[in-house]
Amino acid sequence: GLFLILCWALVPAFRVFHPVQAANLLLLFALLALGRVYKREEPAVAIFNVGGWLGLAVLFCPSYFLLVPAFVIGIGILRRLDFRSILQLLTGFALPLFLVLAFTYVNGTLTATLSAQFDTLGWWQKTWPEEAGQLGLALLGALLLLVMGSYGTTTQLLNIEGKKNVGILYWLLFFLLLSVGLSADAGIPYLQAVTVPIGMVIGLRFIMITPSRAEFFHLILFTAAVGTAIWFALLPG
């Protein structure tokens, strides 16, 4: 949790309320439900809950529908994947969407709701933040490159279950990066979507290094997160 917050705090543009923040909270619940699939003889409820949490996340960020394949792959990593499991996931995913659309239809606002949901989809628009934001994005990009290049180092001391979970985080990161391309109106704030897998992998890496090195790197990360906030606050205008 600490490293999720630190990675998120690197970019001042992330600190304005944005729907992706609610979507990321629901994404964490989906990951928690996915973990309960492992070694369960009857995982139907857990799989349904995975889809349900993801469906709720899509109500906040429509481009999160691209994460469905990531969770299908995740189920396949944790247990044998079959059509029944996929159907359970998709049923849970569709239920909150159906209930919301049915409610808006009854209230006569279905067209406006569909427009509000799908108008945010499209090719990502380049919008660059202030100077402090660019520095924070550079730091977040450096952490992204570190995560992408350290799969072997991260998993070498983990047990089978740990390796499976880390593998799921990497698949999630891959599909989150794809979803950035469809976040037309979200701009820079949408990039905080990737802080979920990045923060979790970075936190795991810190657990695996010596305490002295962990404290040193934590101090650097904390200073960077606070420093960008102070720099942004002192910018003119």
Side-chain angles (χ1 to χ4, degrees), residues 17-124 164-165 167-186 189-197 200:
F17 179 75
H18 192 276
V20 77
Q21 295 164 1
N24 275 352
L25 177 61
L26 296 167
L27 183 59
L28 290 172
F29 288 142
L31 287 171
L32 181 62
L34 183 62
R36 292 171 178 162
V37 172
Y38 189 60
K39 290 185 177 180
R40 287 287 183 93
E41 294 184 2
E42 295 295 335
V45 174
I47 294 175
F48 179 87
N49 289 341
V50 172
W53 290 120
L54 187 56
L56 288 173
V58 169
L59 293 174
F60 291 92
C61 285
S63 55
Y64 269 37
F65 79 89
L66 284 174
L67 301 186
V68 172
F71 283 93
V72 171
I73 294 172
I75 294 172
I77 290 174
L78 296 177
R79 59 178 289 109
R80 184 175 62 85
L81 185 64
D82 52 24
F83 177 75
R84 180 183 178 185
S85 297
I86 297 176
L87 183 61
Q88 290 164 349
L89 175 70
L90 294 179
T91 302
F93 176 75
L95 182 60
L97 301 177
F98 171 78
L99 292 176
V100 169
L101 293 179
F103 177 79
T104 57
Y105 175 78
V106 171
N107 285 272
T109 57
L110 177 61
T111 302
T113 301
L114 291 174
S115 177
Q117 282 293 112
F118 294 107
D119 283 352
T120 59
L121 295 178
W123 298 117
W124 185 59
K164 289 177 181 289
N165 289 325
I168 292 171
L169 291 177
Y170 274 83
W171 278 110
L172 181 63
L173 177 60
F174 173 74
F175 282 99
L176 279 169
L177 290 173
L178 289 181
S179 72
V180 171
L182 288 179
S183 56
D185 297 330
Y190 183 83
L191 296 179
Q192 62 189 294
V194 301
T195 58
V196 170
M200 295 178 75

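Not measured: the values here are computed from a predicted model.
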Just verifying a value: how many Å separate Phe48 CZ and Leu90 CG, rounded to the nearest 0.5 Å?
11.5 Å
If every non-hydrogen atom of Leu172 is compared with every non-hydrogen atom of Ala70, which pair is closest and at what distance?
CA-CB, 4.2 Å
Any side-chain heavy-atom pair from Thr109 and Phe103 closer than 4.5 angstrom?
no
Between the side chain of Lys164 and the main-chain N/O of Ile77, is any donor-acceptor distance below 3.5 Å?
yes
Quick one: pull up CD in Gln192 and CG in Leu176 and give me the separation to the nearest 0.5 Å.
11.5 Å
Give the intermediate values and the outcome of side-chain contact (heavy atoms from CB on, under 4.5 Å) for residues Leu28 and Met200.
CA-CA 10 Å; Leu28 290 172; Met200 295 178 75; 4.3 Å; yes
Residue list, side-chain hydrogen bond (donor to acceptor under 3.5 Å, both in side chains) with Ser85, at least two apart or on another chain:
Asp82
Say you draw a straight line from CG of Leu27 to CG of Leu67; how long is it, rounded to the nearest 0.5 Å?
6.0 Å
Side chains of Leu26 and Phe29, heavy atoms from C-beta outward: is any pair under 4.5 Å?
yes
Just so I know, are the side chains of Val58 and Val68 near enough to count as touching, which here means a heavy-atom distance under 4.5 Å?
no
Check against side-chain contact (heavy atoms from CB on, under 4.5 Å), Val50 and Phe93:
CA-CA 8 Å; Val50 172; Phe93 176 75; over 6 Å; no
How close do Arg40 and Arg79 get, counting heavy atoms only, and between which atoms?
O-NH1, 2.9 Å
Report the C-alpha distance between Asn24 and Tyr64 in whole Å, list the side-chain angles of each, state the deciding distance to 0.1 Å, and finish with yes or no for side-chain contact (heavy atoms from CB on, under 4.5 Å).
CA-CA 10 Å; Asn24 275 352; Tyr64 269 37; 2.5 Å; yes
Considering non-hydrogen atoms only, spot the tightest contact between Thr104 and Leu101 and give its length.
OG1-O, 2.8 Å
Do Thr91 and Leu95 touch side chain to side chain, with heavy atoms closer than 4.5 Å?
no
Heavy-atom nearest pair, Cys61 first then Ala23, reads SG-CB, 3.9 Å
With rounding to the nearest 0.5 angstrom, report the CG to CD1 distance, Leu81 to Ile73.
9.5 Å
So do the side chains of Leu78 and Asn165 get within less than 4.5 Å of each other, counting heavy atoms only?
yes
Contacts table for residues 31-39: side-chain donor-acceptor under 3.5 angstrom, sequence neighbours left out:
none

